[in-house]
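A short worksheet on the structure shown next.
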Amino acid sequence: MDKIEEREMEVVQVLHMNGGVGESSYANNSLVQRKVISMTKPIFEEAMTNLYISNNFPGKLIIADLGCSSGPNTLLVVSEVVKTVNNICRKLGNQSVPEYQLLLNDLPGNDFNTIFRSLPSFQENLKEQMGPGVAGSCFFTGVPGSFYGRLFPSCSLHFVHSSYSLQWLSQVPEGIEGNKGNIYMASTSPATVLQAYYQQFQKDFSLFLKCRSEELVSGGRMVLTFLGRKSDDPSSKECCYIWELLAMALNDMVTEGVIEEEKMNSFNIPQYTPSPFEIKSQVLEEGSFAVDRLEVSQVNWNAYSSNNGLSGANGLINKDGGYNVAKSMRAVAEPLLVSQFGEAIIDEVFDRYKEIIADRMSKEKTEFINVTVSLKKIG
């Protein structure tokens, strides 16, 4: 196994959201991601409508959700697929409801068991909402594996959905040893580090597009939502700030001798938050897809916040906001941190992180940027 394969294998083994349904689980700390799925629903509905009509109302729809994770968001996507197609059928007077093959994909470390355990209650709810005919026509399959490779047979998929997954890279980029004191791209990162991250994104996303073009039928659709940025600068605060604040907590613990400096300097997050231009450029360069829509949206760091500005002058609100955001980030980042630093320091890391986030949220506008692209397979 060469070094690149080793780096990819490391990410495959440790990159997964916190499983189960406990306090730190992704299932209970993914409201931001749920909001983003709801916000991008019109794009999703448009793509699904165009697909269904242009493919002459196929009797069977095969749909893949890539990076499905676990918890309520996984089946929210499925529910939206079924409701959208059912509405199209009703509007067009089409009496026959298609069968749905729903392929749920994530890395092997994902908590598929929690998904499968929730299926009976999900199907019961679907039956109550839409009738037994619709609920009985949904067939589920779990597909463990990296989406930076082939997952499905050629020309088998009609529709691919992915939300908040494609910013994760197949590996930590090579050549970023000079990124000391940072755990991601940052304002203090050398230009070589930013370039290495971008090149890894280009390589990964191009491979993703190539694999999906082989798996989708002619005219098949994809709707992909990235955690991204509006700025041309890959180290801008709008995409890197959340990680910079975590690095602050870790660096404080290095100074106090709680964390080894060497471990801190060798830890980097395998993620790249692309701009709309970078996504479109890569799609056009790879050449298998046409861009139908490309849109940018924002969501507050604190999913419980009712406004898009500061969390307010009230200290309690900011403290709660810091707690909520830190919990959300813990559900995502804990497995990576445990792999590098061990479990013993995790509670302290996130206690410190919570305080830092609460302080910043009281002074600044803190938002995640989402980039959603709707694609149609050419040919």
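In what follows, residues are counted from 1 in the order of the sequence shown. Keep in mind it's a predicted model, so treat the numbers as computed, not measured.
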[X] side-chain N/O to [Y] backbone N/O, donor-acceptor pair under 3.5 Å:
{"X": "Glu244", "Y": "Ala186", "value": "no"}
{"X": "Lys377", "Y": "Ser213", "value": "yes"}
{"X": "Asn251", "Y": "Gly181", "value": "yes"}
{"X": "Ser236", "Y": "Asp232", "value": "no"}

Answer yes if the side chains of [X] and [Y] hold a donor-acceptor pair under 3.5 Å, and no otherwise.
{"X": "Asp204", "Y": "Ser170", "value": "yes"}
{"X": "Asn125", "Y": "Gln129", "value": "no"}
{"X": "Gln340", "Y": "Ser266", "value": "yes"}
{"X": "Gln101", "Y": "Thr141", "value": "yes"}

Using the salt bridge (Lys or Arg N to Asp or Glu O under 4.0 Å) criterion, which residues pair with [X]? Sequence neighbours excluded.
{"X": "Asp347", "answer": "Arg330"}
{"X": "Glu128", "answer": "none"}
{"X": "Asp292", "answer": "Arg221"}
{"X": "Glu348", "answer": "Arg352"}

[Y] and [X], any side-chain heavy atoms less than 4.5 Å apart:
{"X": "Leu224", "Y": "Leu66", "result": "no"}
{"X": "Thr40", "Y": "Val223", "result": "no"}
{"X": "Val373", "Y": "Phe289", "result": "no"}
{"X": "Glu278", "Y": "Phe226", "result": "no"}
{"X": "Arg212", "Y": "Leu151", "result": "yes"}

Minimum-distance pair of heavy atoms, taken over all atoms of Leu75 and Phe122: O-CE1, 3.4 Å

Exercise: identify the closest heavy-atom pair between Phe112 and Cys68: CE2-SG, 4.3 Å

Connected via hydrophobic side-chain network under 4.5 Å: [X] and [Y]:
{"X": "Leu207", "Y": "Leu284", "answer": "no"}
{"X": "Phe159", "Y": "Ile378", "answer": "no"}
{"X": "Leu126", "Y": "Leu119", "answer": "yes"}
{"X": "Phe277", "Y": "Leu227", "answer": "no"}
{"X": "Leu250", "Y": "Val258", "answer": "yes"}

Test of understanding: with side chain to side chain contact (heavy atoms under 4.5 Å, CB included), list the residues that count as partners of [X], not counting sequence neighbours.
{"X": "Val81", "answer": "Phe44, Met48, Ile63, Tyr100"}
{"X": "Lys41", "answer": "Glu45, Glu80"}
{"X": "Gln202", "answer": "Tyr198, Gln199, Gln282"}
{"X": "Ser165", "answer": "Phe147, Ser162"}

Nearest-0.5 Å distance, CZ of residue Arg229 to SG of residue Cys240: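 If we round to the nearest 0.5 Å, Arg229:CZ and Cys240:SG are 8.0 Å apart.
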
For [X], all residues meeting ring-ring contact (aromatic ring centres under 6.0 Å, His included), sequence neighbours excluded:
{"X": "Phe201", "value": "Phe205, Tyr272"}
{"X": "Tyr197", "value": "Tyr184"}
{"X": "Phe267", "value": "Phe341"}

Ionic contact status for Lys210 with Glu286, cut-off 4.0 Å: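 Salt bridge: no.
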
Residues that Glu261 engages under side-chain hydrogen bond (donor to acceptor under 3.5 Å, both in side chains), provided they are two or more places apart: none

